[in-house]
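Take a look at the structure set out below.
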Amino acid sequence: MENETRFDLNAAVAQWRKNFQSSPALRPQDVAELETHLRDSIQALRARGLTLEEAFLAASRRLGPRQELEPEYGKVNGHHVWIHRVVWMLLGLIFFSLVGWSSHIITGPLVHLAMGSPMSAHWIGFLSFGAHWLITALAVTVFWKFVTQRDDRVTRLASRCLQRPLLPIIAIVFLGYAWQPLQRWLLQLTSPGQAAMELKAPILTAWAIWTNWLGMALWMAALTWLASATWRKKEASLQQSREHHLTSEASELRQIWMERGVWMLGGFVFIGLFLSNVFIAVQVALLKLAQWWSPEGNLFGFFAICVQWAIVAGFLAAVWRLVTRSSSLRDRISRLSMRRPVLGFIGLALLYLALTFGFGGSFRLLAHLIPAGPSYADYSLVMRWMDYGYLFLHNVVFVAVLFWLARRQIPTGNLTATLQGPASQS
Amino acid sequence: MVSKELVAASTTTLVLSILSEGDNYGYALIQRVQEVSGGKLQWSEGMLYPVLHWMEKERLIDSEWREMENGRKRKYYRIRREGRKNLQAEKEQWTAVHSTLVNLWKTKPGLT
């Protein structure tokens, strides 16, 4: 009887609900339906003489753990699940891009300062690479600590951002645009002078190219490692719940965020790195074309952006079709790469190389085949259009799509209702 | 106890049969199946809902939220005309399987 007074049913149900709500496979109304079932079941078990706590445990066990229901719901709500993943991918793209830009703002001027000093160029290249990854790791650690330890604040912040999206959108767009002029200004301020530039810049450029490749490999390794670790954890907790061990709240939360992290990293690797590669390749071909046909810089710039965007839209549509169509081959491949992360990494790297040299290469080949044209007019104007086009896609279109999808996915009225929880049982 | 595979194969038919008696909600559907089968047919409770949603997508059934006396809401399911047609077809098939088995076992009484 002592337990009876101490056990808070509403708190236990709220915890149970939170766990189910975190799953992208379950829509809010699905969780609400399961909750009425849970409460009905508790009532029936109570009538048979079980204590409140026993009834809750038995009822939630009979209903089944989230990990077991998720795949079944996922089959019915497949579209919903993928929109959810896209939201996290876009969020990851924006988050990691912001981290990368911030790191460049810090490391760029530092490199300039170091170039003015007697330090050797190789050392500078190495240290700048190390500093960039140190800052990235630091930012990721802070983010991880914040989301896994301050869950309530994260939920409140997210709901506030979705209810009043204008301010956060403006802030992200501003940050996305402001970093370039800021960096340029800082670089000018710390410029090491002509002599040091001529001496050290070529070595540093070579370092930049190689560390760029290494960086991509690191991102892909991080993605495959995290995906595999998440999959293992999921399997383990499914096994645990089958054996009726209760998993702790903190462990559930970590698992949820690991899964979100996979999609965030995936968004950055797939949309960010792949897309920028496609963009650059198209740009090379278009600039060559501009030498033959450049009636007016602005007109051509606009035309170039339209071509780039059409290619990107086609690329994204193809990926969307590929992932949303259920395919046993794809499922088999993803399961294999979860079990063997090294194989997954090799597969991802090969895909990246195929895209870079296949898709990107074909445009580069096209650029190569077009002979140099007579006109070089308005070259910088076209470049500026393309730069702004890319920034607009990255900073405005993606951010707008993110907020639009997130609001559609989680109706804001519903979100506050679920945050407060339904009226307690009378 | 009926095997998992057979339970899965008969779920839609069972749901349609119970809903043809009148509108009902998930928890009561499970209770009804247990009651009629004498506990021999057991569903893993949470798994019923994705099946119900799939049936809704296939337009076999409808659903609506109804308010209870204590202010909370409950999702009720209703059979559609499509569902009734489907049930009729299923009935014939299950009866065919049933009568075949019964006839076979009648001729070889040693089996049972």
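Side chains are part of it too, since the values below use all heavy atoms of this structure and drop only hydrogens, waters and symmetry mates. Bear in mind that the values here come from a model prediction, so they are computed numbers and not experimental data. Every chain is numbered from 1 and lettered A, B, ... according to where its sequence line falls, protein lines coming before strand lines.
Between the CD atom of B:E45 and the CG atom of A:L38 there is a distance of 9.5 Å, given to the nearest 0.5 Å. The distance from the CZ atom of A:R39 to the CZ atom of B:R74 is 12.0 Å, given to the nearest 0.5 Å.
Only the side chain of A:L34 comes within contact range of chain B, with heavy atoms under 4.5 Å apart. For A:A32, the parts sitting under 4.5 Å from any heavy atom of chain B are the backbone and the side chain alike. B:I30 touches chain A through its side chain: at least one heavy atom from C-beta onward sits under 4.5 Å away, while N, CA, C and O do not. In this structure, no portion of A:R66 lies under 4.5 Å from any heavy atom of chain B.
For the options B:M68, B:M47, B:K73, B:E56, heavy-atom pairs under 4.5 Å to chain A are most numerous at B:M47. Contact count versus chain B (heavy atoms, under 4.5 Å) is highest, among A:L26, A:D30, A:N77, for A:D30.
Of all heavy-atom pairs spanning B:Y27 and A:A44, the tightest one is OH-CB, 3.2 Å. Annotation for A:H37 and B:Y49: closest pair ND1-OH, 2.6 Å, computed over non-hydrogen atoms.
Here the side chains of B:R72 and A:E35 are not in contact, with every heavy-atom distance at 4.5 Å or above. Using a 4.5 Å heavy-atom cutoff, the side chains of A:E33 and B:W65 are in contact. Using a 4.5 Å cut-off on side-chain heavy atoms (C-beta onward), A:D40 and B:Q31 make no contact. Side-chain atoms of B:K75 and A:T36, non-hydrogen and from C-beta on, never get closer than 4.5 Å to each other.
For the side-chain hydrogen bond (donor to acceptor under 3.5 Å, both in side chains) test, no residue two or more places apart in sequence or in another chain qualifies with B:W54. B:Y76 pairs by the side-chain hydrogen bond (donor to acceptor under 3.5 Å, both in side chains) definition with nothing, not counting sequence neighbours.
For B:R66, the CZ atom counts as densely surrounded, since its 6.0 Å shell holds more than 12 non-hydrogen atoms of other residues, nucleotides or ligands.
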